[in-house]
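Hydrogens, waters and symmetry mates play no part in the numbers below; they use all other heavy atoms, side chains included. Chain naming here is simple, since letters A, B, ... match the order of the sequence lines and numbering starts at 1 in each.
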Amino acid sequence: MNSTILNITARYLSPVIFLLSLIVLYRGHNYPGGGFIGGLLAVSACLLVVLARGWEVTESKWWPDSITLLVTGLAVTAVSGILGVLAGEAFLTGLWLPALDVPLLGKVKLGTPLLFDLGVYLAVMGFSLKCASALGQEDWS
Amino acid sequence: MLIVLIMAVLASGTALATTGKRWQHGWQCFLVPAPAAVSFLLVTFAAMPEVIRQGSIAYTAKWIPQLDVELALRLNGLGLLLLILVTGIGALILLYAVGYMKGHPQATRLFLLLYLFMFSMAGLAIADHMLLFFIFWELTSISSYFLIGFQHKEQSARQNALQALIVTGLGGMALMAGFILIAQVTGTWNLSELPALSGQIQTDALYVPILILVLLGAFTKSAQFPFHFWLPNAMSAPTPVSAYLHSATMVKAGIFLLFLMLPVLGGTGLWTWLLTIAGAITLLTGGAFGLVQHDLKKILAGTTVAVLGLLTLLLGIGTERDVLAALVFLFGHALYKATLFMVAGSVDHETGTRDTRILGGLYRGMPWTAVAATLAAFSKMGLPPFFGFLGKEYTYKASLESEYQWLLTTILIVGNAIILALAFKAAILPFWRKAIHPLPEKLHDVPWSMRLGPILMAGLGIAIGTFPFLIDPLISSAKSAAMGYSVQTEIKLWHGLNLPLILSALTLSAGLCIIVSREWVENMLRNVTIPGPAKVYDILMDGMVRFAIWQTRLLQSGQLRNYLLIIVGVTTALISFKLWRFGGISDLSLRGINSPELVVITVLMAIATLLAVTTQSRLTALIALGLVGFGVAWIFAYFSAPDLAITQILVETLTVVLFAWVVYKLPQLRTLSSRRTIITDAVVSGAAGILITILVLKSQTLQLGSSISKTLSEWSLPEAYGANVVNVILVDFRAIDTWGEVCVVTIAAIGVWALASGNGNSKDRKSK
């Protein structure tokens with residue numbers, strides 16, 4: 001598959017979708033969104049590039065290996081849970097930093113639930129990419 | 001804290017062992033055994049005086065207070081004896097293993113596993129909470145599984161390891177059940193509190209089940225009849241492993257448990273009968289097994305089984321005298337048996353064979369090993385002034401005072417005579433008789449790392465035998481722990497000319513008779529074949545495998561449509577049953593879901609579904625299914641569930657993309673199914689659809705419990721600082737569920753990975 005339209009579209013659209021996925025991840029706590037949806041969006045961005053340029057070009061060059069993403073995601077969720085234990089609370093208890101005022105973004109609140117959501121984001125991304133590459137790269141002869 | 005320190009040192013050994021392969025030359029060979037040696041010194045010089053003075057030392061930390069589970073550690077006299085054997089012999093075995101495994105590509109793995117095993121055994125010695133004891137118990141089973149199956153490329157090694165694991169693992173399960181019953185009867189989980197409550201347990205109706213379950217655990221672990229068959233098979237392990245597991249430690253774990261349980265469950269008629277009978281049979285079968293073997297290690301395994309039977313028999317009688325005899329015998333046996341196993345390994349290492357029919361004249365090439373072997377063999381034969389002599393004397397002393405004295409004493413004499421003959425066969429003949437077969441050209445002794453352990457332990461055997469007062473305090477404190485009250489003991493080598501001494505002489509002459517007529521005995525025993533418990537094990541295992549194959553063929557056809565049929569069918573049936581229990585299809589209501597928009601979208605989705613089912617083109621089916629998915633997303637959005645709607649749309653999109661990847665590579669859709677399967681499929685899927693519809697309609701009127709959605713919405717902002725309650729539930733309120741799902745997703749991805757790369761056609765394979 002080699003389509004110029006798809007190629008150009010992917011080049012400009014993919015970064016936008018990827019950025020959008022991060023925004024969706026962040027805003028999830030208060031508005032529709034979150035790690036799961038963000039992760040799926042990020043996968044869409046990746047797959048768009050794959051559709052345009054093929055696995056040979058993209059694999060392990062444009063983004064980390066899917067198993068690495070998955071394991072990182074699992075580790076991040078575990079860490080966010082253990083932070084609660086370290087603070088003397090139960091596993092996965094949410095801890096929040098005081099709200100920060102960041103120019104352009106307004107009030108930014110950071111806490112372990114957001115970290116947890118980031119882990120979910122990475123895990124979803126890793127899983128979906130693994131499935132996609134398994135299906136897409138399989139030699140069906 | 002001292003106990004924790006000892007455990008920490010052992011744990012550091014596992015870390016050091018991971019680099020074990022590098023330290024195999026010169027002085028460096030002392031590095032791997034160092035942590036074990038340090039913990040041995042800590043046990044002997046720091047813990048032992050404390051335990052002897054106070055009876056026990058304890059350390060307790062919180063673990064799971066809600067479940068009344070705590071990290072309760074307590075080192076008493078018995079644990080001390082076990083711990084000394086585990087760390088002391090362990091250090092020497094590790095040193096031996098460094099020499100034995102020199103140049104082996106997987107030496108590191110062996111060191112690591114040996115340390116893991118040592119850690120588990122040490123844990124067993126100090127665990128006070130019964131669940132903790134059980135955990136360490138199972139850890140020893142698991143680590144020994146890996147050790148026995150170390151040469152995993154040989155099928156027999158794998159099989160034997162599995163056999164050991166299954167037998168001891170099942171025993172472990174029984175043990176846990178027994179522990180739970182004990183905790184239910186007494187209300188405490190601590191082993192140290194049990195002796196005081198023994199009256200309560202023994203009068204309880206649950207006493208018999210408790211006793212049987214606990215004994216199952218001990219008997220499987222310590223290879224008592226009828227579970228003895230796994231131990232000789234476990235000899236497929238590398239020799240350092242056999243020397244460690246099957247002489248001093250793992251098989252002694254069951255005996256250790258019997259010691260611990262003696263003041264709790266012992267003293268009743270049932271205890272005495274079960275233990276003495278099982279012990280006596282084990283003693284004789286183990287001996288008989290050893291007599292017909294030619295492999296050095298198998299002979300030693302036979303004597304190990306025999307000695308374990310002897311110890312069980314003594315504990316069955318269970319008086320102070322018997323406990324003392326059992327302790328002395330156990331200690332002495334650990335020293336000489338580990339030595340003999342190591343010697344067997346050295347012989348194998350240098351000559352390449354362990355066959356007693358071939359070996360001879362080895363003293364010329366291997367003088368040091370020969371001396372160690374001879375000393376250990378004398379100890380095993382029970383000659384004065386060796387340690388083994390003490391054990392045998394005390395055994396006779398104990399049995400002569402028991403109820404069925406002549407029967408038991410006769411059994412013991414026969415058992416000891418066989419052990420004596422086997423010691424001769426395994427450790428004297430190969431070294432001192434004339435060489436039958438030509439020896440290897442350049443026969444030389446093993447390196448020092450492999451000589452040191454046997455020599456030290458054999459030397460200890462004669463030192464303790466000559467000066468038995470050295471172990472008085474240790475044995476006294478162990479005996480106190482096993483009896484449940486404080487006692488002092490004095491062990492003496494010379495008791496004057498008394499009956500036990502005469503019996504010893506009798507044993508010696510009986511043993512010599514067996515040695516002289518050993519070929520005749522061998523032939524006689526060879527002709528006697530008893531259908532053993534090993535057969536039962538094989539039949540059970542075969543049956544299990546056959547059952548597994550049968551049900552796998554039935555359920556796991558490998559065809560997606562069958563899996564779906566089973567999953568959907570079973571789910572529908574189970575939920576229908578539950579629905580029927582809740583009043584069937586009464587109280588259905590269309591409230592809240594009867595707006596015209598919904599009717600339109602539902603009709604559209606129904607048409608799309610029909611199209612997907614009937615079309616002959618995959619692409620059409622794909623698009624139709626996509627339409628159904630987007631319809632569902634629309635419904636989510638209609639009911640103000642934006643998170644769900646977005647997720648549904650994204651999943652739907654990605655599914656279509658993924659499917660599009662493979663759609664052109666798949667063959668054309670054709671009607672391959674027969675009419676019957678099509679009808680079955682239609683019925684099952686139709687039933688599932690109808691069921692879900694009924695559930696949805698019923699949910700409008702049926703409210704089983706109070707709804708939590710309102711409470712969660714109210715908590716969301718003040719408690720979790722999030723306005724989007726769906727997300728807050730996912731990442732905060734029910735975060736552990738999400739976490740579990742992340743784990744599941746990870747496992748699923750590994751499955752996908754394996755499937756994709758396991759296919760012979762995949763790219764990974766090709767590039768290789």
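A side-chain contact (heavy atoms from CB on, under 4.5 Å) with B:L650 is found for one member of A:L41, A:V124, A:V43 and no other, namely A:L41. If you run side-chain contact (heavy atoms from CB on, under 4.5 Å) between B:V742 and each of A:L70, A:V120, A:L122, only A:V120 comes through.
Scored by the ring pair (Phe, Tyr, Trp, His ring centres under 6.0 Å) test, B:W715 finds no partners at all (sequence neighbours excluded). The ring pair (Phe, Tyr, Trp, His ring centres under 6.0 Å) test applied to B:Y563 returns no partner, not counting sequence neighbours.
In this structure, A:L40 CG and B:Q648 CD are separated by 11.0 Å, a value rounded to the nearest 0.5 Å. Distance check, rounded to the nearest 0.5 Å: NE2 of A:H29 to OH of B:Y721 gives 10.0 Å.
For B:W189, the CH2 atom is densely surrounded, since the number of other residues' heavy atoms within 6.0 Å is greater than 12. Residue A:F36 places its CZ atom among 12 or fewer non-hydrogen atoms of other residues, nucleotides or ligands, all under 6.0 Å distant. For CZ of A:R11, the number of neighbouring non-hydrogen atoms (other residues, nucleotides, ligands) closer than 6.0 Å is 12 at most. Under a cut-off of 6.0 angstrom, the local environment of CG in A:L86 is crowded, with over 12 non-hydrogen atoms contributed by other residues, nucleotides or ligands.
Here the shortest heavy-atom pairing between B:I646 and A:P32 reads CD1-CB, 4.1 Å. Scanning all heavy atoms of the two residues, the minimum distance from A:A134 to B:V752 falls at CB-CG1, 3.7 Å.
In this structure, chain B has a heavy atom under 4.5 Å from the backbone of A:Y31, while its side chain stays farther away. Within the 4.5 angstrom heavy-atom criterion, atoms from both the backbone and the side chain of B:A748 approach chain A. For chain A, no part of B:T653 is nearby; none of its heavy atoms comes within less than 4.5 Å. The contact between A:L74 and chain B is made by backbone and side chain atoms together, counting heavy-atom distances below 4.5 Å. Both the backbone and the side chain of B:I736 have a heavy atom closer than 4.5 Å to some heavy atom of chain A.
Within residues 724-734 of chain B, the residues having any heavy atom closer than 4.5 Å to a heavy atom of chain A are B:N724, B:N727, B:V728, B:L730, B:V731, B:D732, listed by residue number. Contacts between residues 112-119 of chain A and chain B, defined by a heavy-atom separation under 4.5 Å, are made by A:P113, A:F116, A:D117.
Ranked by heavy-atom pairs shorter than 4.5 Å toward chain B, the options A:V24, A:L47, A:I67 are led by A:I67.
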